[in-house]
Amino acid sequence: MTDNDHNSHSPINPNTLPNFACMPNVATMDTSHVDKEQPPFILVDGSYYLFRTYHALPKTMQNSQGLITNAIRGTLNALLKLMRRYHPTHMAVCFDTKSPTFRHAMSEEYKANRPKMDVELAEQIPYIHRLVAALGIPLLRIEGAEADDIIGTLAYRAVAEGHHVVISTGDKDMMQLINDCVILEDSFTGKITDGAGVVEKFGIEPHQMIDFLTLMGDSSDGIKGVPGIGKKTAKDLLNKYGNIEAMLANVADIKGRAGKNLVEYADDIPFNAQLATIVTDLEIGQDWTDLKINTDPCAHIDELRALYTELEFRNELASLDHPNHPANGSQSVAHAQADSESQAQIAKSLQSSTTDNITDSKSRDSAWHTILDAPAFDSLVKRLEAAPHFVIDTETTSVYWRQAEIVGLSFALQAHEAYYVPLTHRLEGDELSAKQLDRDTVLARLKPILENPNIGKIGQHLKYDAHVLSHYDIDLIGAIHASPNNWAMDTMLASYVINAAITRHGMDDLARHYLQTQTISFEDVAGKGAKQVTFDQVAIDIASDYACEDADITYQLFDIFHKKLSDDENNAKLLHELEIPTAEILCQMEANGILIKRSFLNELSERFDEEIIALEKRAYEIAGEEFNLGSPKQLGEMLFDKLGIPGGKKTKSGQYSTGEAILSKIDHPLVEIVLEYRGLSKLKSTYTDALANVADAKSDRVHTSYHQALTSTGRLSSTDPNLQNIPIRTATGRLIRQAFIAPAGRVILAADYSQIELRLMAHFSGDKNLTQAFNEGLDIHAATAAEVLGKEVAEVTATERRNAKAINFGLLYGMSAFGLAKQLQMSRGEAQEYIDMYFERYPGVKDYMINTRASAYEQGYVETILGRKLYTPDITHSNRMVKQGAERAAINAPLQGSAADIIKLAMIAVDKVLPKDQGKMLLQVHDELVFEVDSDKVDEISQLITDAMQDVLTTTAAEKGWQVDFAVPLLVETDSGANWDEAH
DNA sequence: GCATCATCTTA
DNA sequence: GTAAGATGATGCG
């Protein structure tokens, strides 16, 4: 094939208007002759992908020359996705040109609001053109015509020639081209729109689309529309009258502003309609037979190789040698049929067996498969049984593991290949759903494989899948770490170990970050907001792409992480010896749940409610009017404006600050009431009401979810509900803790590390005074006060101890004089004096602060006791505040992060020694573990746990190969009782 | 309906 | 001064 770009000549005069009156209409054309069994003719709106991917993908995608490549990558991915999915024989990628079109000639406003194209995008365009050519795909640009018009023309021509058509675009204007042989597919989002899709989205038929746009206008294209007619009115009118012509004929019947304006603006309608109409009879000057894809895989391979090399697309370069690459001649009709389940939406008549090919791995070159018959499943099972490891992913009805039901399973045994086994899809009208295999039969067959510890399991956030599978009596998590091989992996945890600072470790984020791929998002297949459906309501062919992509991407991530981890032994150890075992234990803890006393919570709720009402009443009396006590805005205005109380400070958003710190300084009866009201309503809404609501209706147990890859330091977090912030400081708050109980015959046992972060400070700093205080077993805050003030520990007063405690905590947080002054309500000078005295007595601690800052600056990271690297990117930030914030975080991170390491080790150690029939681990609260244990075994178990936790660095850590010579003792305190309050 | 702010809870 | 999550109010679309 010759260079397709030679068609950039000017076949139409931009100042000559097309003849709209005779323009063929794609939406209403005859399609009876079309052969849907052939692959579709693919028409790509190249300009759409250019802009969409340029703005959606990160600008950090660059080659080493500094060329931003995000639009190139995005457009390439869209093209490859299309070729993999449809194996087309005919295809064209269409682009706009810079020159004006007949629409510009018609209207000065047409696209007048569009800003000039960014240079960073413009310089990517030549590469995209070259890429398209190198892939063997015809490329069309026509001066004076837009991509839309080329596509409109080609769509008409293609259907006339007997092809069905897939238009690849995200532009809603193109919906006017849809008929039962022409559909739209947005290859960036994965969304497919056919006639039914238009009806669903706008409530009108595709052939009404031009009238629809004409009536309601389109500001981005400069179409004005009829004033007073928006989306909804346009839809209603079209449904009633069918088209604008009929509307105008009956305009007297149309009431209100719409009717009036239809008359008034009737003259503008033909003009707007022309702007909205896509041209379908453009003179293209293109030999029709040239719109075939060049099927010779070698034709452009050198150009492709050169391009990939220059752009530094390493994966793509490597995949040139992979048989699955679409550039490797995958366009035969036979192949297209092999992947025909993805075409079900357009070729519903095609119901032949679609999965027979999976046994024949040699001829297979379509990457993703849907398993819908027993032989296909059989051969998949055989491959899984024989595999050393594979990716598994469950698709379910809910993101909440507790209520998730399995909808399907996906697998990958190597990169760029995946299988989806749909099980319980039940979308009305989805013909494939009748062909699904039986869920229980499939699960029974898979159980021995999933539970086989010698077959490694790879997954993204495996804890979730383990929970779901456990609902069907399959123990996935138990099989993971039992594996003697090193292949089991959770890609989310791997990413977290490698760099916790990248904030999000979801699969979409990882795909973007490590694979430069935008995945199909869940919202694209299931909708969003209130209209979102559960996965079982997603059509199987769409669901299959989504699920296969998940498994495929996970495998690709596994490859990358496996390589990264083999280059960093300690990271590999952190993943396999710390995080994955912790995940297993967390899974059990979440499933265990903690028992609550529902009646007690309900009583508390009522009691709080009565008090809240009484407080409100008193507040209204004092204020002289009713207002919302819970609104900081209204409260601020009441206190500082209406009542004229002095001391009002504004927050950055301009309203009065009414936080506890401000209010407690004000002596006023209303303030007292507000503080009490706040406390009670917090307790009621966040705890007593919420806990009773989330507790299991049958078992009265509360099951939290621990997030293991979220914090920047290695700590866990807890949600739904958060059981790591249950009140303890006030007497009323502690009542909540009394609702956490043990079942009959058992008690709650809590074990916490005493002052673990300060002990870590002693360890890391090696400070003599601090180390000595811990080694002598002193009250650390009193000892600090005595040391700084130069007196005996016994002579330290309560205030002196309190101040010392504040200093000690301040140290852990990277303290500044400003912060300490605020905490202790003293002047900044006094606070600084206090800090100086402290550092004089604890010079090692001062050195630690200086050294940690310096090493964070030099290395870009700090390390925990187990060598977890915590990156501190903001340490070089140009903004001083941000930089100082990063310095404080850098000082805190090794301490908080090491404490997190230690308690994870402790969980592993305790899990090993705790007799399963005598007690269960229930909660982790950063430095505390909570258990329920048999009442008659409390003393033994308590000792067992204490020993395991205190000795964890010399036993568990050492066994796993971490040599830590800890400078001070690790002290654990335990207590037990009928409830969590008593156990503390 | 969704995002952000202010507030309050924990280690 | 570190690290988190949940809630109600408020403002935007």
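Residue numbers start from 1 in every chain, and the chains themselves are labelled A, B, ... in the order their sequence lines are given, proteins ahead of strands.
- The side chain of A:S717 contributes an N or O atom lying less than 4.0 Å from OP1 or OP2 of C:dG5.
- Atom-to-atom, CG of A:L635 to P of B:dT7 comes out at 9 Å; the value is rounded to the nearest Å.
- One finds no side-chain N or O of A:R715 lying less than 4.0 angstrom from the OP1 or OP2 phosphate oxygen of C:dA4.
- Rounded to whole Å, atom P of C:dA3 lies 17 Å from atom NE2 of A:H707.
- Counting heavy-atom neighbours within 6.0 Å of A:N879 CG, excluding the residue itself, gives a total above 12.
- OP1 or OP2 of B:dT10 lies within a sub-4.0 Å distance of a side-chain N or O belonging to A:R729.
- If you check every strand for non-hydrogen atoms under 4.0 Å, A:G810 touches a base.
- In this structure, A:H707 and A:H461 have parallel ring planes: the angle between them is below the 30° cut-off, well short of the 60° mark.
- Contacts of A:E928 with the nucleic acid, taken as non-hydrogen atoms under 4.0 Å apart, are absent.
- Heavy atoms of A:A661 sit nowhere under 4.0 angstrom from any nucleic acid atom.
- The residue A:L811 sits apart from the nucleic acid: no heavy atom pair falls under 4.0 Å.
- Heavy atoms of A:L716 sit nowhere under 4.0 angstrom from any nucleic acid atom.
- Inspection of the A:S718 and A:T704 side chains reveals an N or O donor paired with an N or O acceptor under 3.5 Å.
- If you check every strand for non-hydrogen atoms under 4.0 Å, A:S685 touches sugar and phosphate atoms only.
- Remark: the A:S827 side chain and the A:E830 side chain contain an N/O donor-acceptor pair separated by less than 3.5 Å.
- Between A:S631 and C:dT10 there is a side-chain N or O to OP1 or OP2 distance below 4.0 Å.
- Within the nucleic acid shown, A:L820 comes within 4.0 Å of at least one base atom, counting heavy atoms only.
- For A:K633, counting side-chain heavy atoms from C-beta on, the closest listed nucleotide (B:dC5, C:dT10, B:dC8) is C:dT10.
- Within the 4.0 angstrom heavy-atom criterion, only backbone atoms of the sugar-phosphate kind lie near A:N722; the bases stay farther away.
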(request) Go through the steps for A:Y496 and A:T711 under the test side-chain hydrogen bond (donor to acceptor under 3.5 Å, both in side chains), then give the verdict. (result) CA-CA 9 Å; A:Y496 185 65; A:T711 71; 3.2 Å; yes
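- Counting non-hydrogen atoms under 4.0 angstrom, A:N628 reaches the backbone sugars and phosphates but no base.
- Contacts of A:S718 with the nucleic acid, taken as non-hydrogen atoms under 4.0 Å apart, involve only primed sugar atoms and P, OP1 or OP2.
- Within the 4.0 angstrom heavy-atom criterion, no nucleotide atom of any strand lies near A:E757.
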